[in-house]
J.: 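Before I ask anything, here is the structure I am working with.
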Amino acid sequence: MVFKQKKCRMTDAAAAFLMTAAVAAAAYKCGGFYYDLNDDVLIKDILSGVYSGSPDGHTMQILYPLGWLLSLLYYIPGVPVFGLFLCLCQFGAIYVIAYRTLQCLDSRGKKILLLLAQGIFWMGACLEHLVFLQYTVTAGMLGAAAVFWIATSQKPESFAVFLRKNLPALILYWIAFCLRSEMGLLLLPLAGITGLCKWFSHKNPFAKENLTGYVGLFAALMAGIVLCLGAEALAYGSDDWQEFSRYFDARTTVYDYQLDVVEDYGENKRIYEELGMSQTRQQLLRNYNFSADDSIDADFLEALAQRSVERENGGLFKKDLCTGIWELVFGHFLGKADFCLNAGMIFLGLLLFGTAFFRKQKNGVWQAVLVTGCAAALWLFLILRGRLPVRLTTPLYLTMTASFGGLLLTAKNAEAENGSQKQENCLQMLTLHAAAVGLVLCGILTAPKNAAAAIQQVQQRQQTNSVNEAVMAYCSQTPDILYLADVYSTVRFSEKIGVDRDKPFNYDIMGGWISKSPLTQKKLQDFGLESVGEAVCGQENVRLLTDAGTDFVWLLDFLAEQGIAAEAILTDKIADGAVEVYQIVCR
C-alpha cells in the first residue's frame with residue numbers, strides 16, 4: 001500500500017511537471033523571458049555587484065535574508081541568479097498548485113481534465129507576466145500557491161503532523177514575503193481568512209487537534225515573518241542605512257501616493273514655498289533626476305510627504321467610499337479588464353457558493369461570502385488609496401481564485417449530509433466538469449490575444465534595447481569616466497533573462513529608489529566624488545547621457561540658481577545619434 005501511494009505521488013508530480021513545462025515552453029516561445037521593469041533590473045544589478053562593485057543584499061526592495069542569499073550565489077560566474085530565481089518561483093507556484101490539485105483527485109480522467117484546464121487558464125490569465133517577470137507579481141503567485149495549499153489541507157491529526165504537512169505553504173509564503181514584503185502583507189488577510197474557512201469547516205473546530213493545528217500553524221507563520229523582519233532590521237541597522245531608510249520611505253510616500261504634488265508646481269506652490277524650494281529645483285523632482293540636488297534629503301522629503309498628506313484631498317484616501325465601491329464592482333469585478341483572471345475568479349466563487357447552497361451546507365456558503373468580503377475590502381483599500389497597478393491586481397485575482405478553487409476542490413470530497421451518495425457523486429462530477437470548462441473557456445478566449453501582445457512587446461523591447469546595448473558598450477570603453485543618465489531617457493529599456501549582459505560599473509542614473517544610498521556613495525567614491533550633486537558640477541571625469549532631442553536646460557537653470565555658471569557641451573553621440581553625451585563645463 002505504501003509503495004502504491006508513493007508511486008501515485010510520483011505520477012502526480014511528473015504530470016504536474018509536464019503541464020508546468022508546457023506552460024513555460026509556451027511563454028518562452030513568445031520570445032524568451034525578460035525583466036519587466038527597470039526596478040527588477042536594478043535589483044539584479046545590486047545583487048550581482050554591478051551597481052556597487054561587489055554582490056550585495058541591500059536592495060531596499062526584497063528583504064535582506066533573501067537578498068543576502070541571492071547575492072552569495074552571484075559569486076558563481078556566469079549565472080543570472082535573480083532571473084532564474086524569478087522563473088523558478090513563478091513556474092514553481094504553477095507546479096505546486098497543479099500537484100496539489102492532482103493529490104485531491106481520485107481518478108486519472110479527473111486529473112487529466114483539471115490539469116489541462118489549469119494549463120490553458122494560466123496561459124490566458126498570466127502569459128504576459130510569465131514572459132515579462134516582475135518581482136511583485138512573482139511574490140503574489142507564491143502567495144496564491146501558499147493559500148491554495150492551505151485551502152486543500154486535510155483535517156489535523158496533531159500539531160506536529162499538521163505543521164509538517166503544511167510546511168510547504170509556510171515556505172512559499174515566507175519566500176513571497178521576503179521577495180516583496182508589501183505583497184506578503186497585502187495577501188496575509190486572505191491567507192488568514194482561507195485558513196479560518198478550513199478550520200471551521202471541520203466538525204467540532206475547537207477540538208484539541210483542530211485548535212492546536214490551525215492556531216499553531218498561524219503562530220508559526222507569524223514567527224517566520226518576525227524573524228525575517230528582525231534580520232532585515234539588523235542588516236539596515238547602521239546610521240547610514242537608517243538615514244537612507246527614512247529617505248526611501250518618504251520618497252515612496254511622495255512618488256507612489258502623492259504624485260500630483262511632484263507633477264504640478266502651480267497647484268502646490270504654497271507647499272514648496274513653505275519648504276523653501278523654487279520651481280527650478282522642483283523640476284528635478286518632476287523629471288526624477290533629484291540626485292543632482294544634494295539638499296533633497298530625508299528631512300526635506302519627510303516634510304514634503306507630511307504637507308502633501310495634510311492638504312485637502314491629499315490624505316490617506318483619494319476617493320470617497322461610494323466611488324470606490326462603484327469602481328470595484330463595475331470597473332474590476334464586472335469590467336472587461338483582466339477578463340480571464342476576473343471571470344475565472346468570479347466563476348469559481350459562484351460555483352463554491354452554488355454547490356454549497358444546493359447541498360444545504362452552510363460552510364461553503366459562508367466561505368464564499370467571507371473570502372469575497374475580505375478580498376473586496378483589500379481591493380477597496382487600494383482603490384481608495386488611488387494606487388492599483390496591474391502588478392497588485394493580478395496577485396489579488398490569483399489568490400482569490402486559488403482560495404475559491406482550493407475550498408471547492410476539498411468540499412467536493414465531503415460526504416453528503418442530505419441525499420444519496422449517488423447524488424453526491426453526480427454533483428461532484430458536475431462541479432468538477434463545470435470548473436474545468438469555465439477555466440478552459442476563460443483561457444481560450446484570452447490566450448491568443450495575450451500571446452500576440454507578448455510577442456509584439458518582445459519585438460518592441462528588442463528594438464529599443466539595441467540602443468541600450470550600444471550605450472552600455474560605449475560606457476565600457478572608458479571605465480575611468482562616470483556616465484550619469486537622465487532617468488526618463490532610460491525607462492523604456494529592459495533586459496532579457498539568461499542572456500542579459502551586466503551594465504558597466506561606471507553607469508548610473510540621476511535618480512531612482514537606490515540613489516543617495518550607501519551603495520551609491522560607494523560607487524561615487526571610486527570616482528573621487530562625494531555626491532551626484534558634486535558630479536554634475538563640471539567634473540572632468542563625468543559625462544551626462546540623454547535622448548536626442550532633449551537637453552539639460554533644467555540642470556543649467558538649477559546650477560545657475562546655485563550661483564554656478566555652466567554650459568552643457570555635446571561631446572559625442574551613441575547609436576546613430578539616438579543618445580547624446582554631454583559634459584558640463586563651469587565658467
Side-chain angles (χ1 to χ4, degrees), residues 9 11-27 86-105 110-127 129-130 133 137-154 165-176 179 183-184 187 190-191 194-195 197-198 340-341 343-345 347-349 351-352 371 375 394-413 432 435-436 438-440 442-443 447:
R9 287 196 297 269
T11 302
D12 290 344
F17 177 82
L18 289 175
M19 186 276 284
T20 305
V23 174
L86 293 180
C87 287
L88 178 63
C89 287
Q90 290 203 169
F91 293 109
I94 293 174
Y95 168 83
V96 166
I97 292 175
Y99 175 68
R100 190 70 168 173
T101 299
L102 297 180
Q103 286 189 310
C104 294
L105 301 174
K110 294 177 183 177
K111 292 181 178 183
I112 293 174
L113 177 65
L114 216 52
L115 202 61
L116 289 173
Q118 284 188 12
I120 295 172
F121 177 78
W122 280 114
M123 287 187 281
C126 295
L127 187 59
H129 292 300
L130 299 178
L133 280 70
V137 176
T138 303
M141 291 180 66
L142 289 171
V147 167
F148 187 80
W149 191 285
I150 294 299
T152 54
S153 61
Q154 297 179 350
K165 289 184 176 181
N166 289 284
L167 186 59
L170 294 178
I171 294 174
L172 288 167
Y173 181 84
W174 288 332
I175 295 174
L179 183 59
M183 178 54 64
L187 298 182
L190 269 174
T194 301
C197 289
K198 288 299 297 184
C340 186
L341 285 164
M345 173 200 72
F347 183 74
L348 290 185
L351 203 57
L352 175 63
V371 172
T394 296
L396 277 174
Y397 279 128
L398 289 176
T399 306
M400 287 182 70
T401 304
S403 181
F404 288 142
L407 294 172
L408 183 65
L409 196 60
T410 50
K412 76 178 187 61
N413 290 320
L432 179 63
L439 293 178
V440 168
C442 290

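Only this structure's heavy atoms are used, side chains among them; waters, hydrogens and symmetry mates stay out. Predicted model, so just to flag it, every value in this text is computed and none were measured. For reference, positions follow the sequence shown, starting with 1.
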J.: Rounded to the nearest 0.5 Å, what separation is found between the CZ atom of R100 and the CG atom of D12?
T.: 11.5 Å
J.: What pair of heavy atoms forms the shortest contact from P395 to G140, and how long is it?
T.: CB-CA, 3.6 Å
J.: Should L439 and F347 count as side-chain neighbours, where that means a heavy-atom distance under 4.5 Å?
T.: no
J.: Show your working on side-chain contact (heavy atoms from CB on, under 4.5 Å) between L407 and T152 and close with a plain yes or no.
T.: CA-CA 6 Å; L407 294 172; T152 54; over 6 Å; no
J.: Is a donor from one side chain sitting under 3.5 angstrom from an acceptor on the other, for T410 and K198?
T.: yes
J.: Closer than 3.5 angstrom, by distance alone: can the side chain of S403 be matched with the main-chain N or O of T399 as a donor-acceptor pair?
T.: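 No; judged by distance alone, with no hydrogens or angles, the pair does not exist.
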J.: Looking only at heavy atoms, which two atoms of F148 and G405 are closest? And how far apart?
T.: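 Closest heavy-atom pair between F148 and G405: CE1-C, 4.0 Å.
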J.: Would you please test W122 and L398 for side-chain contact (heavy atoms from CB on, under 4.5 Å) and show each step?
T.: CA-CA 10 Å; W122 280 114; L398 289 176; 3.9 Å; yes
J.: Which atom names give the shortest non-hydrogen contact between A169 and A146, and what distance separates them?
T.: O-CB, 3.4 Å
J.: Would you name the heavy atoms of A125 and C340 that are closest together and state the gap between them?
T.: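 Looks like N-SG, 3.5 Å.
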J.: Please assess L116 against V440 for the test side-chain contact (heavy atoms from CB on, under 4.5 Å), listing each intermediate value before the final yes or no.
T.: CA-CA 8 Å; L116 289 173; V440 168; 5.9 Å; no
J.: Could you state the interatomic distance from CG (L102) to CG (L114), rounded to the nearest 0.5 Å?
T.: 8.0 Å
J.: What's the separation between atom CG in L408 and atom OG1 in T401, rounded to the nearest 0.5 Å?
T.: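 Rounded to the nearest 0.5 Å, the CG-OG1 separation comes out at 12.0 Å.
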J.: Calculate, to the nearest 0.5 Å, the distance between atoms CD1 and OH belonging to I171 and Y173 respectively.
T.: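 Nearest 0.5 Å value for the CD1-OH distance: 15.0 Å.
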J.: Using the rule given for side-chain contact (heavy atoms from CB on, under 4.5 Å), can you reason through V371 versus F404, listing the C-alpha separation, both sets of side-chain angles and the distance that settles it, and then say yes or no?
T.: CA-CA 8 Å; V371 172; F404 288 142; 3.7 Å; yes
J.: Using modelled atom types only, decide if a donor and an acceptor are shared between the side chain of Q90 and the backbone of H129 within a distance under 3.5 Å.
T.: yes
J.: Taking side chain as C-beta onward, heavy atoms only, is L105 less than 4.5 Å from T101?
T.: yes
J.: Identify the two heavy atoms, one from Q154 and one from K165, that lie closest to each other, and give their separation to 0.1 Å.
T.: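 Looks like OE1-NZ, 3.9 Å.
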J.: Check whether S153 reaches the backbone of I150 with its side chain - one donor and one acceptor, N or O, closer than 3.5 Å.
T.: yes
J.: How far does CD1 of I97 sit from CZ of F121, to the nearest 0.5 angstrom?
T.: 9.5 Å
J.: Using 0.5 Å steps for rounding, measure from the CD atom of Q118 to the CD1 atom of I94.
T.: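 With rounding to 0.5 Å, CD (Q118) is 9.5 Å from CD1 (I94).
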J.: Which atom names give the shortest non-hydrogen contact between A27 and L130, and what distance separates them?
T.: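 Between these two residues, the closest heavy atoms are CB-CB, 4.0 Å.
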